[in-house]
Asker: 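Before we start, here is the structure in question, set down as structure tokens.
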Amino acid sequence: MSKSILVTGGTKGIGRAILYRFAQEGFDLYTCSRSQKNLDELSEQLTSRFPGIKVCTYVADLGHKEEAKQFAAAVSSQIVPDVLVNNTGVFLPGALHNEPEGHFETTLQTNLFSAYYITRAFVEGFIRRKAGHIFSIGSIAGLTAYPNGGSYAVSKWAMLGFTKCLRQELLPHGIRVTSVLPGATLTASWEGVDLPPDRFMKPEDVAETVWSAYNLSPQSVVEEIVIRPQLGDI
Ligand SMILES: NC(=O)c1ccc[n+]([C@@H]2O[C@H](COP(=O)([O-])OP(=O)(O)OC[C@H]3O[C@@H](n4cnc5c(N)ncnc54)[C@H](OP(=O)(O)O)[C@@H]3O)[C@@H](O)[C@H]2O)c1
């Protein structure tokens, strides 16, 4: 039976690069985003480049609890993936003390709560199978506070804590858990920012670290991947 990966928010950036990396290895792919059009394009491109694999896409806004749970239920009615990547994230710049009301809730719901609901939907299946690998896409913003990081930084600190707890909970069940903490990566998130492309990491490099961490023997787990642009943080 083919192996499978679920990546939330797979139509762009880091999520998309991870799907492509695992598609190269013959994995079946499951993903979601808020745009049917982007999902259709992604699906078409992946199936024409990797004809042997299955690509399943779902429209879901993971900023809403019910949609996140429905998405997870739709996938779990078909498979328990071998790899789960909680990738979806939104960055709304601002300072905690004066950002528009609602930024905090939207950011935490999208970046953190969605990972909580989706992970919970699959853990029982992982435990039954005594295998599985969960990756959380955090950020270096979850390691170092900086001005204008606001709610985003809080969500990423919390994501790191969430992932550390999961690691301990799932350790006796043969389930590996890894935090990925990237620095600035050239994706749609940086649209409109006037900096040279070589100041950023490539999403493909982040995807490669995920693939490498997945590839270890079951006796070992990479708990944290911190990956930054060679020239340092932006
Ligand atoms: N780029 C960076 O410099 C950087 C650095 C550190 C960490 N990260 C983290 O890496 C992850 C991916 O970032 P990225 O830069 O690759 O982002 P991106 O290029 O903006 O892509 C985000 C993906 O998530 C989907 N998405 C966004 N909001 C969603 C929602 N509410 N429900 C469902 N899907 C949603 C997007 O599709 P739709 O918009 O169509 O829904 C898209 O597929 C995030 O967690 C981000 O915080 C990024």
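Read the numbers this way: they start at 1 and go in the same order the structure lists the ligands and their atoms. Values below: all heavy atoms of this structure, side chains included; hydrogens, waters and symmetry mates excluded.
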Asker: Please check if the side chain of Thr31 supplies one atom and the backbone of Gly10 the other of a donor-acceptor pair under 3.5 Å.
Answerer: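 Checking the backbone N and O of Gly10 against the side chain of Thr31, a donor-acceptor pair under 3.5 Å is found.
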Asker: Taking side-chain hydrogen bond (donor to acceptor under 3.5 Å, both in side chains) as the criterion, tell me which of His133, Glu224, Arg167 meets it with Thr178.
Answerer: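 Exactly one pass, corresponding to His133.
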Asker: Pick whichever of Gly89, Ser155, Ala188, Gly138 has a heavy atom sitting closest to atom 7 (C) of ligand 1.
Answerer: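 Nearest option to atom 7 (C) of ligand 1, by heavy atoms: Gly138.
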Asker: For ligand 1, is there an atom lying under 4.0 Å from some heavy atom of Ala17?
Answerer: no
Asker: Can a donor-acceptor pair be found, under 3.5 Å and without considering hydrogens, that links the side chain of Arg129 to the backbone of Val80?
Answerer: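 Yes, Arg129 side chain to Val80 backbone: donor-acceptor pair under 3.5 Å.
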Asker: I'd like to know if the side chain of Asp82 and the backbone of Lys3 have a donor-acceptor N/O pair within less than 3.5 Å.
Answerer: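 It does not hold such a pair.
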Asker: Enumerate the atoms of ligand 1 whose separation from the nearest heavy atom of Gly183 is less than 4.0 angstrom.
Answerer: 3 (O), 5 (C), 6 (C)
Asker: Could you point out which residue of Ile140, Asn111, Thr107 forms a side-chain contact (heavy atoms from CB on, under 4.5 Å) with Lys156?
Answerer: Asn111
Asker: Under a 4.5 Å cut-off applied to non-hydrogen side-chain atoms, are Glu41 and Thr11 in contact?
Answerer: no
Asker: Return the set of residues passing side-chain hydrogen bond (donor to acceptor under 3.5 Å, both in side chains) with Thr106 (not counting sequence neighbours), or none when no residue passes.
Answerer: none
Asker: Using heavy atoms and a 4.0 Å limit, tell me yes or no: is Phe200 in contact with ligand 1?
Answerer: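 Contact absent.
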Asker: Below 4.0 angstrom from a heavy atom of Ile14, which ligand 1 atoms are there? Numbered from 1 as shown, please.
Answerer: 10 (O), 16 (O), 48 (C)
Asker: Using ring centroids (six-membered ring only for Trp), state whether Tyr214 and Phe27 fall under 6.0 Å.
Answerer: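 Between Tyr214 and Phe27, which both carry aromatic rings, the centre distance is below 6.0 Å.
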Asker: So, Arg21 and Glu208, do they make that salt bridge, N to O below 4.0 Å?
Answerer: yes
Asker: Atoms of ligand 1 less than 4.0 Å from Thr110 heavy atoms?
Answerer: 31 (N)
Asker: In ligand 1, which numbered atoms sit nearer than 4.0 Å to a non-hydrogen atom of Gly10?
Answerer: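 So the answer, numbered in order with elements, is 43 (O).
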Asker: Does any N or O of ligand 1 fall below 3.5 Å from an N or O anywhere on Gly15, backbone included?
Answerer: no
Asker: Tell me which protein heavy atom sits closest to atom 46 (C) of ligand 1, plus the residue, atom name and distance to 0.1 Å.
Answerer: Tyr152 OH, 3.5 Å
Asker: For atom 40 (O) of ligand 1, find the nearest protein heavy atom and state the residue, atom name and distance (0.1 Å precision).
Answerer: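 Residue, atom and distance for the closest contact: Ser33 OG, 3.5 Å.
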Asker: Going by the atom numbers of ligand 1, which of them fall below 4.0 Å from some non-hydrogen atom of Ser35?
Answerer: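 So the answer, numbered in order with elements, is 40 (O).
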Asker: For the backbone of Leu170 and the side chain of Arg176, can you confirm whether one donor and one acceptor N or O come within less than 3.5 Å of each other?
Answerer: no
Asker: Is Ser139 in polar range of ligand 1, meaning some N or O pair under 3.5 Å apart?
Answerer: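 No, Ser139 has no N/O under 3.5 Å of an N/O on ligand 1.
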Asker: If only atom types and distance count, is the side chain of Thr57 paired as donor or acceptor with the main-chain N or O of Val55 below 3.5 Å?
Answerer: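 Judged by distance alone, no pair lies under 3.5 Å.
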Asker: For the residue pair Ser189 and Thr187, confirm or rule out a side-chain donor-acceptor distance under 3.5 Å.
Answerer: yes
Asker: For atom 39 (O) of ligand 1, grab the closest protein heavy atom and report residue, atom and distance to one decimal in Å.
Answerer: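 Checked against all protein heavy atoms, atom 39 (O) of ligand 1 sits closest to Arg34 NH2, 2.8 Å.
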Asker: Any side-chain heavy atom of Asp205 within less than 4.5 Å of one from Lys202?
Answerer: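 With C-beta onward as the side chain, the pair touches.
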Asker: Going by the atom numbers of ligand 1, which of them fall below 4.0 Å from some non-hydrogen atom of Gly13?
Answerer: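 With Gly13 as reference, the close atoms of ligand 1 come out as 16 (O), 19 (O).
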Asker: Below 3.5 angstrom, do we get any N/O pair linking Leu62 and ligand 1?
Answerer: yes
Asker: Report the nearest protein non-hydrogen atom to atom 43 (O) of ligand 1: residue, atom name, distance rounded to 0.1 Å.
Answerer: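 Here the closest protein heavy atom is Thr11 OG1, 2.6 Å.
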Asker: Hey, which atoms in ligand 1 end up nearer than 4.0 Å to a heavy atom of Ala184?
Answerer: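 Numbered from 1, ligand 1 contributes 3 (O).
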Asker: Report, in ascending order of atom number, the atoms of ligand 1 lying under 4.0 Å from any heavy atom of Gly63.
Answerer: 31 (N)
Asker: Considering only non-hydrogen protein atoms, determine which one is nearest to atom 24 (O) of ligand 1 and report residue, atom name and distance to 0.1 Å.
Answerer: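 Scanning the protein heavy atoms, the shortest distance from atom 24 (O) of ligand 1 goes to Gly9 CA, 3.3 Å.
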Asker: One residue to check: Phe91. Relative to ligand 1, which of side chain, backbone, both or neither has a non-hydrogen atom less than 4.0 Å away?
Answerer: neither
Asker: Output yes when a protein non-hydrogen atom is found under 4.0 Å of atom 22 (C) of ligand 1, and no otherwise.
Answerer: no
Asker: Among all protein heavy atoms, pick the one closest to atom 26 (N) of ligand 1 and tell me residue, atom and distance.
Answerer: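 Among all protein heavy atoms, the one nearest atom 26 (N) of ligand 1 is Thr88 CG2, 3.7 Å.
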Asker: Can you tell which of Val59, Leu39, Asn87 gets a heavy atom nearest to atom 12 (C) of ligand 1?
Answerer: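 Minimum heavy-atom distance to atom 12 (C) of ligand 1 goes to Asn87.
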Asker: One residue to check: Ala141. Relative to ligand 1, which of side chain, backbone, both or neither has a non-hydrogen atom less than 4.0 Å away?
Answerer: neither
Asker: Check Val222, Leu160, Val226, Leu166 against Ser179 for a side-chain contact (heavy atoms from CB on, under 4.5 Å) and give me the one that passes.
Answerer: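 Filter result, single survivor: Leu160.
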Asker: In terms of residue, atom name and distance, what is the protein heavy atom nearest to atom 31 (N) of ligand 1?
Answerer: Asp61 OD1, 2.9 Å
Asker: Quick one: look at Lys156 and ligand 1, take heavy-atom pairs under 4.0 Å, and tell me if it's side chain, backbone, both or neither.
Answerer: side chain
Asker: Name all residues meeting the side-chain hydrogen bond (donor to acceptor under 3.5 Å, both in side chains) criterion together with Gln219; count only those two or more places apart in sequence or in a different chain, and write none if there are none.
Answerer: Ser217
Asker: For the backbone of Ser35 and the side chain of Ser33, can you confirm whether one donor and one acceptor N or O come within less than 3.5 Å of each other?
Answerer: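 At least one qualifying donor-acceptor pair exists.
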Asker: Would you say Ile137 touches ligand 1, if touching means a heavy atom closer than 4.0 Å?
Answerer: yes
Asker: What protein heavy atom lies closest to atom 33 (C) of ligand 1? Include the residue and the distance to one decimal.
Answerer: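 Among all protein heavy atoms, the one nearest atom 33 (C) of ligand 1 is Ala60 O, 3.2 Å.
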